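Only one structure is covered here, and it is reproduced in the block below.
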Amino acid sequence: MDATLRAMSRRPLLALVAAALAVPGLASLLARQSATPAGPLRFEVSYPASRSDTPLDGRLLLILSTKKDGEPRFHVNDGPTGQPVFGLDLEGWPGGAPASVAGPTIGFPVQRLSELPKGRYRVQAVFHRYETFRRADGRTLKLPMDRGEGQQWNQAPGNLYSTPVEMDLDPVSSGAVPIALDQIIPPIAPPADTKYVKHERIQSALLTKFWGRPMHIGASVLLPEGWDTHPNAKYPLFIYHNHFAPTMTGWRETPPDPDLKPDYSERFHLEGYNRIQQQYAYQLYKDWTGPNFPRAIAIEIQHANPFYDDSYAVNSANLGPYGDAIVQELIPYLEKKYRGLGEGWARFMYGGSTGGWEAMAAQVFYPDVFNGAYAACPDPVDFHAFTTIDLYAHKNAFWLDDTFKQTPRPAHRNSLGHVDVMAWEMNRLELVLGTKTRSGQQFDIWEAVYSPVGDDGYPARIFDKASGVIDRRVAEYWREHYDLVHILQRDWEKGLGKKLEGKLHLYVGDMDNYYLNNAVYRAEQFLESTRAPYYGGEVAYGDRAEHCWNGDPTRENAYSRLRYHQRYIPKGVQRMLKTAPKGADLTSRRDYPRPGDRGPQ
């Protein structure tokens with residue numbers, strides 16, 4: 001078609017448009033309609049029906065990140081760098097049907113999606129899948145079963161997630177944004193055994209009965225040098241209480257990787273901290289296999305469960321009898337298979353933070369089963385100092401009990417006392433990540449372990465997750481069952497003190513980031529007051545030391561935290577030599593270092 005014909009063909013259309021625009025008001029109406037926004041921002045999230053034969057239950061999480069590195073699902077935290085995340089419970093969610101994350105959806109640190117600042121974001125959604133549990137107590141719960149990742153919603157195999165997409169967003173006018181959960185987190189391959197490290201997993205009859213389905217516990221087992229060449233030797237057992245780890249923490253049988261790209265530790269302000277960690281892990285291997293290290297078996301328990309990455313190693317109304325499962329099932333199985341001495345005088349525990357509380361709690365609850373607990377920076381051992389909260393005296397966990405102002409309680413500080421996270425902020429993020437104590441985070445696991453079962457079958461709230469108001473009835477339950485200092489005070493002269501003499505050792509920095517030193521002060525005050533008998537252990541503080549100082553006065557925290565095995569195993573062996581009964585097998589492998597020997601430095 002030449003130019004003349006094209007012009008002729010357009011004339012009737014142009015004439016029609018001109019006539020239409022001559023109608024009074026029509027031009028302004030068309031202009032307004034063309035500028036009409038798409039409506040408030042909302043995300044329509046769906047997953048392919050091929051991903052599941054049945055509808056899914058779980059928590060839908062939407063992350064909007066301004067950070068350029070990594071995936072948004074790894075940008076969620078309660079600190080200054082945390083990116084906005086929004087959460088929504090879904091039950092019976094069918095494939096192909098969109099779920100709407102809209103303005104009222106709760107979030108953190110942005111409180112509602114409707115309050116999101118206008119800007120450019122990288123968007124990603126994750127669906128944290130729940131399973132149905134029919135417990136022996138008749139309760140039916142929907143919870144996220146651990147799948148080998150240590151109860152991490154952003155890494156759990158089987159969880160669905162979307163490919164990150166960068167886009168401009170305006171909460172007022174962006175309208176509906178479709179998000180497809182086009183990816184699935186793959187299974188995690190189990191770690192391989194080596195000459196020194198073995199990986200064990202057993203089905204627990206006690207936990208299986210409680211949960212109404214097969215439940216397992218396990219451990220990474222670190223065998224002593226010469227274990228394979230001395231088949232008649234038996235060894236003391238050291239339990240390293242820690243968070244979930246797929247294999248033995250801090251152990252490396254090969255030299256540090258010379259090609260490892262050095263990272264930067266914001267926490268310790270150190271360049272190449274990943275290289276330092278490899279160096280110290282390899283040093284443990286050299287110390288462990290060297291001529292001067294005590295010959296012992298060390299284990300790191302794996303007890304991730306539907307609420308957290310470990311169980312706190314005690315019996316619980318909500319988690320089940322994990323304490324008994326460890327003591328009555330796991331430890332006897334491991335000692336029989338790997339030739340442990342199998343006696344209380346030859347068992348010790350150590351750990352930091354959660355592991356510190358677990359070591360002390362297991363020693364208190366099973367005083368004859370273990371011969372010593374070395375607890376570094378333990379989680380609150382006295383609930384008068386539940387971080388910055390007094391659960392018995394305070395009315396509110398989030399705010400000071402003021403009349404005319406609202407002062408927030410701090411939750412995280414640095415060594416200078418500078419605060420960057422408040423208690424309400426930690427708990428708001430947990431509420432976004434999971435309702436009904438299902439976030440898999442710190443306050444929620446304390447609640448899951450320590451609380452009675454609530455009316456809905458989930459753990460009873462120690463305080464309202466939105467307002468912070470403390471429930472006195474639940475606090476009293478906590479006091480009688482899990483407040484370790486209260487239990488020591490209550491039962492010390494009833495025979496518990498005699499069983500614990502010389503067994504309790506506490507270490508904490510006096511500027512612990514989570515204020516855990518405050519509870520240790522209260523524990524020390526009681527322990528030093530004991531007379532029948534005197535507790536005979538140790539309490540030490542690190543000057544200006546942050547979380548998680550472990551009692552080593554010769555090294556900075558960044559380095560001492562990498563040497564738990566070297567620090568505590570020699571201490572335990574020295575105590576064993578002093579307290580073992582007459583005729584005990586102390587030399588079937590070889591002579592241990594004598595009392596006073598310091599072991600590897």
Side-chain angles (χ1 to χ4, degrees), residues 59-88 101 105-113 115-117 119 121-128 144 149-156 159 161-162 164 185 243-245 263-270 273-274 307-310 352-354 377 379 387-388 397-398 408-415 418-435 437-447 465 512-516 546-548 558 561:
R59 186 74 171 173
L60 179 60
L61 299 168
L62 180 77
I63 307 99
L64 310 176
S65 178
T66 59
K67 299 176 73 172
K68 302 300 182 184
D69 59 315
E71 295 184 41
R73 60 188 167 122
F74 300 117
H75 297 167
V76 175
N77 63 72
D78 54 26
T81 65
Q83 301 295 295
V85 56
F86 303 88
L88 184 70
V101 181
T105 305
I106 68 167
F108 180 84
V110 178
Q111 301 295 294
R112 303 281 175 183
L113 185 60
E115 301 171 10
L116 181 76
Y121 296 89
R122 295 174 64 226
V123 180
Q124 186 173 39
V126 177
F127 186 65
H128 193 25
E149 85 291 349
Q151 203 51 269
Q152 303 295 321
W153 62 267
N154 53 10
Q155 301 179 60
N159 278 359
Y161 68 101
S162 66
I185 300 176
H243 288 284
F244 174 87
D263 66 3
Y264 178 75
S265 171
E266 289 285 351
R267 176 182 178 185
F268 298 116
H269 309 294
L270 282 175
Y273 193 60
N274 53 345
F307 285 101
Y308 198 53
D309 74 351
D310 73 24
S353 193
T354 292
C377 51
D379 284 7
T387 66
T388 58
F398 299 164
R409 298 191 191 280
H412 187 272
R413 64 180 174 181
N414 66 13
S415 63
H418 299 161
V419 176
D420 58 5
V421 184
M422 301 298 178
W424 78 264
E425 293 175 319
M426 279 191 175
N427 283 276
R428 175 69 177 197
L429 176 57
E430 292 191 5
L431 188 59
V432 171
L433 294 179
T435 58
T437 322
R438 294 181 293 194
S439 71
Q441 304 299 306
Q442 186 58 78
F443 277 90
D444 272 357
I445 186 54
W446 284 330
E447 190 169 79
K465 207 70 167 177
D512 187 275
N513 302 98
Y514 303 98
Y515 303 87
L516 301 178
E546 296 184 353
H547 193 76
C548 182
R561 65 188 294 270

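Note that these values count all heavy atoms, side chains included, but never hydrogens, waters or copies made by symmetry. All figures in this text were calculated on a predicted structure; none of them were measured in a lab.
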query = Any donor and acceptor pair, going by atom type alone, linking the side chain of Glu425 with main-chain N or O of Asp78 inside 3.5 Å?
reply = no
query = Looking at Gln124, His75, Arg73, which one forms a side-chain hydrogen bond (donor to acceptor under 3.5 Å, both in side chains) with Ser65?
reply = His75
key: Test log, rule side chain to side chain contact (heavy atoms under 4.5 Å, CB included), inputs His412 and Val419   = CA-CA 6 Å; His412 187 272; Val419 176; over 6 Å; no
key: Expected output: side-chain Thr105 to main-chain Leu113 donor-acceptor under 3.5 Å   = no
query = Side-chain contact, heavy-atom cut-off 4.5 Å: Trp446 with Asp379?
reply = yes
ask   = Which of these passes side-chain hydrogen bond (donor to acceptor under 3.5 Å, both in side chains) with Lys465: Thr435, Thr437, Asp444?
value = Asp444
Approximate separation, where rounding is to 0.5 Å, of Leu516 CG and Cys548 SG = 8.0 Å
remark   = dist Leu60:CG -> Leu88:CG (nearest 0.5 Å) comes out at 6.0 Å
key: Min side-chain heavy-atom separation Val421-Met426 under 4.5 Å   = yes
key: Approximate separation, where rounding is to 0.5 Å, of Gln155 CD and Phe74 CZ   = 5.0 Å
query = Do the numbers put Arg409 on top of the ring of Phe398, so that NZ or CZ is under 6.0 Å from the six-membered ring centre and no more than 45° off the axis?
reply = no
ask   = Any sub-3.5 Å donor-acceptor pair from Thr388's side-chain atoms to Pro410's backbone N or O?
value = yes
inquiry  = Is the terminal nitrogen or CZ of Arg413 (NZ for Lys, CZ for Arg) located under 6.0 angstrom from the six-membered ring centre of Tyr515 and within 45° of that ring's axis?
reply    = yes
message = Could you report the tightest heavy-atom contact between Ala558 and Leu270, atom names first, then the distance?
response = CB-CD1, 3.8 Å
message = Donor-acceptor check, side chain of Glu149 to backbone of Gln151, threshold 3.5 angstrom: yes or no?
response = yes
task = Check whether any side-chain N or O of Gln152 sits under 3.5 Å from a backbone N or O of Gly150 as a donor-acceptor pair, and report yes or no.
result = yes
key: Check: Asp310 side chain, Phe244 main-chain N or O, donor-acceptor pair, under 3.5 Å   = no
query = To the nearest 0.5 Å, how far apart are OG in Ser439 and OH in Tyr308?
reply = 9.0 Å
Any side-chain heavy-atom pair of Thr66 and Gln83 under 4.5 Å = yes
ask   = For the residue pair His269 and Tyr264, does the interplanar ring angle fall in the parallel (under 30°), tilted (30 to 60°) or perpendicular (over 60°) class?
value = tilted
key: Side chains of Leu116 and Tyr121 in contact at under 4.5 Å (non-hydrogen atoms)   = yes
ask   = Does Val126 reach the side chain of Asn154, with side-chain heavy atoms less than 4.5 Å apart?
value = no
query = Counting only N and O atoms by type, is there a donor-acceptor contact under 3.5 Å from the side chain of Asp420 to the main-chain atoms of Gly79?
reply = no
ask   = Between the main-chain N or O of Gln442 and the side-chain N or O of Glu430, is there a donor-acceptor pair closer than 3.5 Å?
value = yes
note = Between Arg59 and Leu431, the two heavy atoms sitting closest are NH2-O, 3.2 Å
message = Taking the ring of Tyr273 and the ring of Phe268, is the distance between their centroids below 6.0 Å?
response = yes
Any donor-acceptor pair under 3.5 Å from Arg122 side chain to Pro72 backbone = no
Side-chain donor/acceptor of Arg428 to backbone N/O of Gly107, under 3.5 Å = yes
message = As a quick check of understanding, evaluate side chain to side chain contact (heavy atoms under 4.5 Å, CB included) for Leu62 and Val123, giving each step before the final call.
response = CA-CA 7 Å; Leu62 180 77; Val123 180; 3.9 Å; yes
key: Pair Trp153-Leu61, side chain to side chain contact (heavy atoms under 4.5 Å, CB included): steps then yes or no   = CA-CA 9 Å; Trp153 62 267; Leu61 299 168; 3.6 Å; yes
request  = Could you grab the distance from atom OH of Tyr514 to atom OG of Ser353, nearest 0.5 Å is fine?
outcome  = 7.5 Å
task = For Glu546 and Asp512, run side chain to side chain contact (heavy atoms under 4.5 Å, CB included): C-alpha distance rounded to whole Å, both residues' side-chain angles, the deciding distance at 0.1 Å, then the answer.
result = CA-CA 4 Å; Glu546 296 184 353; Asp512 187 275; over 6 Å; no
task = Write down the atom of Met422, the atom of Ala411, and the distance for their closest heavy-atom approach.
result = C-CB, 3.6 Å
